[in-house]
Amino acid sequence: MKNITCIEDLRRAARRKVPRAFFEYAEGGSYAEETLRANRADLERIKLRQRVLVDVSERSTKTTILGEPVSMPLALAPIGLCGMQRGDGEILACRAAQAAGIPFTLSTMSICSIEDVAAAVDKPFWFQLYVMKDRGFARSLIERAAAAKCSALVLTVDLQILGQRHRDIKNGMTVPPQLRLANFIDIATKPAWALSVLRGKRKTFGNIAGYLRGMESVNTLSQWIAGQFDPALSWKDVEWIASLWPGKLILKGINDVEDARIAAKTGAAAIVVSNHGGRQLDGAPSSIAMLPPIADALGSQIEIMFDGGIRSGQDLMRAIALGARSCLSGRAYIYGLGAGGQAGVTRALEIMRNELDVCMALTGITSIGGISRRVIASMEARQSGAGNPPSTL
Ligand code: GLV
């Protein structure tokens with residue numbers, strides 16, 4: 001891992017090691033992938049102010065998320081099929097996150113179940129919920145997460161139906177993988193991956209096993225989602241979920257000021273400004289473009305998290321500067337997982353924490369609380385953001 005110096009290195013290594021269908025499932029976005037690209041492009045356009053001759057000898061990336069101490073303002077995002085990037089991937093990523101002192105979020109559509117992960121780690125993790133039409137099943141997932149002592153419930157609100165991902169269809173992505181000739185050749189050239197998945201606890205969706213019928217191809221996966229996920233999910237259901245969940249509730253997938261205002265009144269502990277990593281509404285603005293107006297509208301009413309294109313410590317700085325209290329990142333750690341299992345996730349987290357630390361020093365900042373819009377240099381970012389640029393710049 002020594003020569004791995006950035007998340008892009010991990011991405012390249014993962015692309016070599018993980019079968020194409022699963023790598024591209026995580027990598028890709030919906031339709032023309034305009035929003036997927038905008039998430040990264042808009043982050044890169046935000047320039048940071050280089051400040052000098054500030055004493056930065058004592059600095060810390062530590063902060064809190066929902067009142068819990070963390071080593072940096074980052075949590076691992078929920079990723080469907082995480083355990084298909086590497087066998088038992090959810091357990092490996094959770095262990096790496098916990099060792100690094102940040103939260104891990106287990107997806108409803110994970111391979112290892114809530115109970116598998118709870119039995120394999122010694123600290124609480126977060127659980128991400130998709131709500132099925134069968135409300136009894138949604139309720140049972142919430143109860144299982146509570147029984148496993150999950151410390152937050154992340155309700156994803158932007159996937160009532162699935163945005164089409166062309167690559168998944170073209171790759172014939174299936175869970176478990178089908179051994180058609182093209183897949184077979186691909187998998188045969190990735191023996192370490194094959195071994196890890198063969199040795200893994202499960203080969204299909206652990207949380208919904210038993211509830212799952214006929215998931216032989218990606219078409220049936222999206223048909224299954226279309227048949228099972230509830231497109232009627234509404235703000236009223238957020239109240240219902242909050243009434244069932246005894247802990248902290250996070251609403252993930254808010255990318256609009258009006259929705260953010262409604263979300264802030266639900267009693268949820270936090271929102272995640274997110275467009276589902278460019279995987280749902282193609283043509284939606286990047287999440288970083290929506291962060292400043294949402295932060296301005298909400299003030300300190302609710303904790304704001306940010307998700308959408310985070311690949312570096314500099315990106316963490318950008319999002320915190322524009323109003324997030326912390327961030328989620330999915331692909332950055334999935335690349336680490338595919339590249340090197342638990343050690344790869346650990347490396348991804350070390351890279352981002354070190355980058356954030358150096359970035360703080362070079363912008364003259366010594367604590368996460370000291371990051372504000374004053375670190376933003378570029379006019380472009382300030383104007384596309386709040387419409388309320390800081391007067392001190
Ligand atoms: C599921 O959450 C996905 O984006 O594929």
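Counting convention: from 1, in listed order, for ligands and their atoms alike. The basis for the numbers below is simple: all heavy atoms, side chains too, and nothing from hydrogens, waters or symmetry mates. Starting from 1, each residue takes its place in the sequence as its number.
Partners of S312 under the side-chain contact (heavy atoms from CB on, under 4.5 Å) rule, at least two apart in sequence or in another chain, are Q314, D315, E355. Residues satisfying the salt bridge (charged side-chain N to carboxylate O under 4.0 Å, His left out) test with D186, not counting sequence neighbours, are K190.
Side-chain atoms of S30 come within 3.5 Å of backbone atoms of Q280 as a donor-acceptor pair (strictly under, hydrogens ignored).
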Side-chain donor-acceptor pairs under 3.5 Å in residues 249-265, sequence neighbours left out?
| unit_1 | atom_1 | unit_2 | atom_2 | d |
| --- | --- | --- | --- | --- |
| N255 | ND2 | P285 | O | 3.1 |
| D256 | OD2 | E258 | N | 2.9 |
| D256 | OD2 | D259 | N | 3.3 |

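More than 12 heavy-atom neighbours from other residues, nucleotides or ligands sit within 6.0 angstrom of CG on L195.
Smallest separation of non-hydrogen atoms from R135 and W240: O-CH2, 3.7 Å.
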Between ligand 1 and the protein, tabulate every N or O atom pair separated by less than 3.5 Å, reporting distance only.
| unit_1 | atom_1 | unit_2 | atom_2 | d |
| --- | --- | --- | --- | --- |
| ligand 1 | 2 (O) | Y130 | OH | 2.5 |
| ligand 1 | 2 (O) | H276 | NE2 | 3.0 |
| ligand 1 | 4 (O) | R165 | NH1 | 3.3 |
| ligand 1 | 4 (O) | R165 | NH2 | 2.9 |
| ligand 1 | 4 (O) | H276 | NE2 | 2.8 |
| ligand 1 | 4 (O) | R279 | NE | 2.8 |
| ligand 1 | 5 (O) | Y25 | OH | 2.5 |
| ligand 1 | 5 (O) | R165 | NH1 | 2.5 |
| ligand 1 | 5 (O) | R279 | NH2 | 3.0 |

